[in-house]
Undergrad: 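After the structure tokens below, expect a handful of questions from me.
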Amino acid sequence: MSWRSEQIWVEFIPGSRKGSNFVWAFILFFGSLEFIFVGTSSYLSLNFISFFPQGMVMTFYGISGLFISLYLSSMLLWNVGGGYDHFDKRRGVIFIFRWLFPGRNRRLLLRFFMKDIRSIRIEVKEGFYTRRVLYMDIRGQKAIPLTRTDESLTPVEIEKRAAELANFLCVPIEVL
């Protein structure tokens with residue numbers, strides 16, 4: 001989702017709040033509860049489900065699954081990685097804001113001047129796990145990713161986004 005005018009472009013980044021993360025948190029939570037139930041019943045010789053004799057191991061897997069689902073749920077709750085990219089032609093400034101884990105440095109705000117942008121770069125890695133990422137190349141800094149690395153964009157979509165952004169910022173496009 002984005003908002004755009006002649007002088008300002010704001011691109012909202014969803015972060016960890018994706019549908020697949022909600023599904024995995026749900027599956028992990030209820031699956032680990034099932035492991036705890038089976039493990040405890042087998043360990044206490046109640047044998048509700050008699051074909052699993054490894055009570056302690058099943059309980060350990062259940063507790064581990066609960067911790068992983070708690071971690072994933074906390075990432076969803078705090079929206080880790082979410083934020084926005086704000087490009088302002090009037091002031092000649094770019095703001096990149098992201099939410100991180102709670103603590104003293106929960107907010108990440110990067111500020112760059114538009115005159116320091118060298119190019120918009122598309123990095124394509126083909127193979128078993130195809131990856132297409134859009135970067136902003138800045139003088140004296142590392143390249144900053146503008147799309148998520150797990151976002152599966154088609155070549156047409158990433159080229160369109162790169163062309164629109166490069167046109168808005170008046171910089172060239174590089175393809176690696």
Side-chain angles (χ1 to χ4, degrees), residues 1-5 7-33 60-125 129-153 157-158 161-162 164-176:
M1 185 169 94
S2 66
W3 179 83
R4 185 175 174 185
S5 71
Q7 298 294 318
I8 296 174
W9 183 344
V10 180
E11 184 86 25
F12 296 101
I13 310 296
S16 61
R17 289 188 181 164
K18 299 186 311 183
S20 63
N21 286 347
F22 283 104
V23 170
W24 279 112
F26 181 79
I27 289 171
L28 273 170
F29 178 73
F30 287 108
S32 60
L33 285 181
F60 171 74
Y61 286 149
I63 292 171
S64 301
L66 278 179
F67 281 124
I68 293 170
S69 70
L70 178 68
Y71 169 75
L72 193 53
S73 299
S74 64
M75 281 185 56
L76 293 170
L77 177 71
W78 294 321
N79 195 19
V80 174
Y84 62 87
D85 300 335
H86 180 104
F87 305 97
D88 191 349
K89 275 186 174 180
R90 264 184 303 168
R91 295 189 293 177
V93 179
I94 296 171
F95 297 102
I96 296 176
F97 176 81
R98 299 289 185 270
W99 287 107
L100 302 176
F101 283 103
R104 196 173 50 149
N105 299 323
R106 169 120 164 86
R107 298 180 197 128
L108 174 68
L109 179 63
L110 303 174
R111 187 183 80 191
F112 303 103
F113 293 109
M114 286 182 139
K115 64 182 179 182
D116 292 337
I117 299 174
R118 292 193 317 184
S119 66
I120 298 297
R121 188 170 71 195
I122 302 172
E123 184 177 296
V124 179
K125 290 188 179 178
Y129 180 68
T130 303
R131 192 175 83 151
R132 296 176 188 94
V133 183
L134 190 64
Y135 289 96
M136 185 170 54
D137 197 13
I138 300 173
R139 284 187 194 92
Q141 303 282 330
K142 288 185 174 182
I144 296 176
L146 297 175
T147 58
R148 295 190 324 252
T149 54
D150 64 341
E151 195 172 2
S152 58
L153 296 172
E157 289 173 335
I158 196 147
R161 285 178 73 176
E164 287 176 352
L165 187 58
N167 187 30
F168 182 80
L169 298 174
C170 302
V171 294
I173 298 175
E174 293 179 6
V175 179
L176 296 177

Undergrad: Taking the six-membered ring for Trp, are the ring centroids of Phe101 and Trp99 within less than 6.0 Å of each other?
TA: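 They do not qualify: ring centres at least 6.0 Å apart.
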Undergrad: Minimum heavy-atom separation for Pro145 and Ala143, please, with both atom names.
TA: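 Nearest heavy atoms, Pro145 then Ala143: CD-O, 3.8 Å.
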Undergrad: Output, in order, the C-alpha distance, side-chain angles, deciding distance and verdict of side-chain contact (heavy atoms from CB on, under 4.5 Å) for Asn21 and Met75.
TA: CA-CA 9 Å; Asn21 286 347; Met75 281 185 56; 5.7 Å; no
Undergrad: Determine the minimum heavy-atom distance between Leu28 and Ser69, stating which atoms define it.
TA: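 Here Leu28 and Ser69 meet closest at CB-CB, 3.8 Å.
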Undergrad: To the closest 0.5 Å, what do you measure between CD (Gln141) and CG (Leu110)?
TA: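 Output value for this atom pair is 8.5 Å.
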Undergrad: So do the side chains of Asp85 and Met136 get within less than 4.5 Å of each other, counting heavy atoms only?
TA: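 Contact flag for Asp85/Met136 side chains = no.
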Undergrad: Within a strict 4.5 Å, meaning less than it, do heavy atoms of the Phe97 and His86 side chains meet?
TA: no
Undergrad: Please tell me if the side chains of Trp9 and Leu169 come closer than 4.5 Å, counting only heavy atoms from C-beta onward.
TA: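 No, their side chains stay 4.5 Å or more apart.
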Undergrad: Quick check: closest heavy atoms across Ser16 and Leu76, and the distance to 0.1 Å?
TA: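 Closest heavy-atom pair between Ser16 and Leu76: O-CD2, 3.1 Å.
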Undergrad: CZ of Arg111 to CD1 of Ile94: how many Å apart, nearest 0.5 Å?
TA: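 So the CZ of Arg111 and the CD1 of Ile94 are separated by 12.0 Å.
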Undergrad: Does a side-chain heavy-atom distance below 4.5 Å link Phe30 with Leu33?
TA: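 Yes, at least one pair of side-chain atoms sits under 4.5 Å.
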Undergrad: Nearest 0.5 Å, what's the OG-CD1 distance between Ser32 and Ile27?
TA: 11.5 Å
Undergrad: Quick one: are Leu165 and Glu11 in side-chain contact, heavy atoms under 4.5 Å?
TA: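 Answer no - side chains too far apart.
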Undergrad: Are the side chain of Arg17 and the backbone N or O of Leu77 linked by a donor-acceptor pair below 3.5 Å?
TA: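 Yes; at least one donor-acceptor contact below 3.5 Å.
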Undergrad: Looking at Gly82, is its backbone amide N or carbonyl O close enough to the side chain of Arg98 to form a donor-acceptor pair, meaning the two atoms are under 3.5 Å apart?
TA: no
Undergrad: Please round to the nearest 0.5 Å and tell me the distance separating atom CG of Leu100 and atom CG of Asn79.
TA: 11.0 Å
Undergrad: For a quick test of reading the model, state the closest non-hydrogen atom pair linking Arg91 to Asp88 and the distance between them.
TA: NE-OD2, 3.1 Å
Undergrad: Do the non-hydrogen side-chain atoms of Val171 and Arg118 ever get within less than 4.5 Å of each other?
TA: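 Sidechains of Arg118 and Val171: no contact.
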Undergrad: Is Leu146 close to Tyr135 at the side-chain level, that is, under 4.5 Å between some pair of heavy atoms?
TA: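 Side chain of Tyr135 against side chain of Leu146, heavy atoms only: no contact under 4.5 Å found.
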Undergrad: Hey, what do you get for CZ (Phe29) to CG (Leu70), rounding to the nearest 0.5 Å?
TA: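 Spacing of CZ (Phe29) from CG (Leu70) equals 9.5 Å.
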Undergrad: Would you say Arg139's side chain and Lys115's backbone share a donor-acceptor pair under 3.5 angstrom?
TA: yes
Undergrad: Could you work out, with side chain to side chain contact (heavy atoms under 4.5 Å, CB included) as the rule, every residue matching Ala162, not counting sequence neighbours?
TA: Ile120, Ile122, Leu134, Ile173
Undergrad: Would you say the side-chain atoms of Lys125 pair up with the backbone N or O of Val133, donor to acceptor, closer than 3.5 Å?
TA: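 Between the backbone of Val133 and the side chain of Lys125 there is no qualifying donor-acceptor contact (under 3.5 Å).
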Undergrad: With distance as the sole test, does Ser119 use its side chain to make a donor-acceptor pair with the main-chain N or O of Glu174 at under 3.5 Å?
TA: no
Undergrad: Measuring from atom CD of Gln7 to atom CZ of Phe87, what distance do you get when rounded to the nearest 0.5 angstrom?
TA: 14.5 Å
Undergrad: Tell me if the OH atom of Tyr61 is crowded by more than 12 foreign heavy atoms within 6.0 Å.
TA: no
Undergrad: Within the 4.5 Å heavy-atom criterion, are Phe22 and Phe26 side-chain neighbours or not?
TA: no
Undergrad: State which residues pass salt bridge (charged side-chain N to carboxylate O under 4.0 Å, His left out) with Arg106; sequence neighbours excluded, sorted by chain then number.
TA: none
